[in-house]
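Here is the structure we will look at, set down as structure tokens.
Below, chains carry the letters A, B, ... as their sequence lines are ordered, and counting in each starts from 1.
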Number of protein chains: 2
Amino acid sequence: MVVVPRQTRQRAEILDLLEDIDEFRSAQQLHEMLRARGSSVGLATVYRAVQSLSEHGDVDVLRTEDGESVYRRCEQRSHHHHLVCRSCGRTVEIEAGQAEAWAAQVGAAHGFDDVDHTIELVGTCATCRAASAS
Amino acid sequence: MVVVPRQTRQRAEILDLLEDIDEFRSAQQLHEMLRARGSSVGLATVYRAVQSLSEHGDVDVLRTEDGESVYRRCEQRSHHHHLVCRSCGRTVEIEAGQAEAWAAQVGAAHGFDDVDHTIELVGTCATCRAASAS
DNA sequence: CTCCTTCCTGAGACTGGTTCCCACTATAAC
DNA sequence: GTTATAGTGGGAACCAGTCTCAGGAAGGAG
């Protein structure tokens with residue numbers, strides 16, 4: 001009953017590109033990178049692709065501080081969180097079992113059900129720290 | 001050296017309104033509510049006010065799922081988090097010492113410094129659960 | 001109280017990310 | 001192949017939020 005998206009050249013190219021990237025990127029950045037690679041894909045198509053991919057859990061979405069959506073193909077398909085370097089964008093996928101247990105417990109303590117959580121960490125990675133310390 | 005914003009009718013009215021509200025509201029909603037109250041304040045002014053208030057720590061800001069900023073006057077002026085009902089918007093201010101300790105620890109484990117965290121909880125409050133169960 | 005500087009206000013123009021529209025094209029089932 | 005249908009793309013539309021700038025109000029100095 002799950003609708004499988006049709007396989008098109010455009011989707012393949014977008015997935016290919018995502019494979020090669022390790023940082024969160026916006027739809028517009030992806031669009032530019034595709035054009036730089038010489039493949040022409042419409043911006044609207046990039047938006048549709050990342051959206052459908054994120055719905056299927058194939059890519060993760062984050063909202064930047066200025067409200068832009070950024071996407072990244074993650075190793076873990078299961079639920080996880082991110083620790084992102086604010087300077088270079090390097091991203092570490094993290095388990096948050098402890099924090100999630102805490103969230104569920106706090107929710108229950110206040111009589112809330114079906115508690116969803118948003119947990120994201122932003123810091124400065126060791127490499128960038130060293131670079132800026134010079 | 002801290003610049004105190006000038007005291008104007010508009011700011012006073014916006015603060016008054018925020019006192020009467022317990023849920024997170026967008027700038028546009030606040031603007032409408034002000035007009036409904038019969039006071040005329042420009043939308044741009046509402047944006048400027050909530051922005052300056054949030055910078056001073058007088059109101060809290062959250063980003064909704066669709067990227068809208070919503071504001072709320074909070075009891076606690078110190079750092080805290082929120083547990084929001086997805087149905088009625090009722091909001092509980094919560095302490096997250098445990099989760100914050102975890103965040104700092106995870107960051108350190110990966111060599112990240114100055115780790116900021118975003119932690120927000122959304123659930124269904126007891127009242128709304130009861131209402132929808134009927 | 002008055003003057004004067006400075007900041008605030010507000011209507012509308014503008015921006016930038018994202019979605020919609022719709023004619024055209026490509027996929028995949030038969 | 002043929003066909004039904006979903007995907008594509010370019011541009012228009014949308015919308016939250018910001019900027020512009022002329023007029024107005026706050027509040028310190030005198």
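For the 3.5 Å distance criterion, the side chains of B/Ser69 and B/Arg63 qualify, holding a donor opposite an acceptor. Side-chain contact check for B/Thr124 and B/Arg129: no donor-acceptor pair (N or O, by modelled atom type) lies under 3.5 Å. Using a 3.5 Å distance cut-off with no hydrogens or angles, the side chains of B/Ser52 and B/Arg11 do pair a donor with an acceptor. Counting only N and O atoms by type, the side chains of B/Ser39 and B/Glu13 include a donor and acceptor under 3.5 Å apart. In the model, B/Gln10 has no side-chain atom that pairs as donor or acceptor with a side-chain atom of B/Thr45 under 3.5 Å.
When DNA chain C is scanned in the 5' to 3' direction for atoms under 4.0 Å from non-hydrogen atoms of chain A, the outermost contacting nucleotides are C/dG17 to C/dA28. First and last contacting nucleotides of DNA chain D toward chain A (any atom under 4.0 angstrom from a heavy atom, 5' to 3' order): D/dT5 to D/dG10.
At a threshold of 4.0 angstrom between heavy atoms, the contacts of B/Arg48 include nucleobase atoms, whether or not backbone atoms are also involved.
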Stepwise side-chain contact (heavy atoms from CB on, under 4.5 Å) test for A/His80 and A/Ile94: CA-CA 6 Å; A/His80 61 274; A/Ile94 54 183; over 6 Å; no

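Taking the charged nitrogens against the carboxylate oxygens, B/Asp22 and B/Arg73 have no contact shorter than 4.0 Å, which rules out a salt bridge. A salt bridge links A/Arg77 with A/Asp58: the distance from a Lys NZ or Arg NE/NH1/NH2 to an Asp or Glu carboxylate oxygen falls below 4.0 Å.
Along DNA chain D, the nucleotide nearest to B/Gln51 and the one nearest to A/Ala49 differ in position, and the one closer to the 5' end is contacted by A/Ala49. Toward the 5' end of DNA chain D, the nearer of the two residues B/Glu68 and B/Pro5, judged by each one's closest nucleotide, is B/Glu68.
One axis for each end of the helix from C/dC1-D/dG30 to C/dC30-D/dG1, each built from five base pairs, and the angle between them comes to 40° at 10° resolution.
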Which pairs would a plain distance check flag for residues 97-108 of chain A, meaning a side-chain donor or acceptor within less than 3.5 Å of a matching protein atom at least two apart in sequence or in another chain?
{"from": "A/Glu100", "atom 1": "OE2", "to": "A/His79", "atom 2": "NE2", "distance (Å)": "3.0"}
{"from": "A/Glu100", "atom 1": "OE2", "to": "A/His81", "atom 2": "NE2", "distance (Å)": "3.0"}
{"from": "A/Glu100", "atom 1": "OE2", "to": "A/His117", "atom 2": "NE2", "distance (Å)": "3.4"}

Can I get a per-line list of side-chain donor-acceptor pairs under 3.5 Å for residues 29-36 of chain A, giving both atom names and the distance, sequence neighbours left out?
{"from": "A/Gln29", "atom 1": "OE1", "to": "A/Ser26", "atom 2": "N", "distance (Å)": "2.9"}
{"from": "A/His31", "atom 1": "NE2", "to": "A/Val41", "atom 2": "O", "distance (Å)": "3.0"}

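Counting heavy atoms from C-beta outward, B/Val70 and B/Arg25 have side chains that stay 4.5 Å or more apart. Between B/Cys88 and B/Cys125, some side-chain heavy-atom pair lies under the 4.5 Å cut-off.
Residue B/Phe112 forms a side chain to side chain contact (heavy atoms under 4.5 Å, CB included) with just one option from A/Val84, A/Val92, A/Val122, A/Leu121, and that option is A/Val92.
Interface residues of residues 11-36 of chain B facing DNA chain C, ordered by number: none; criterion, heavy-atom separation under 4.0 Å.
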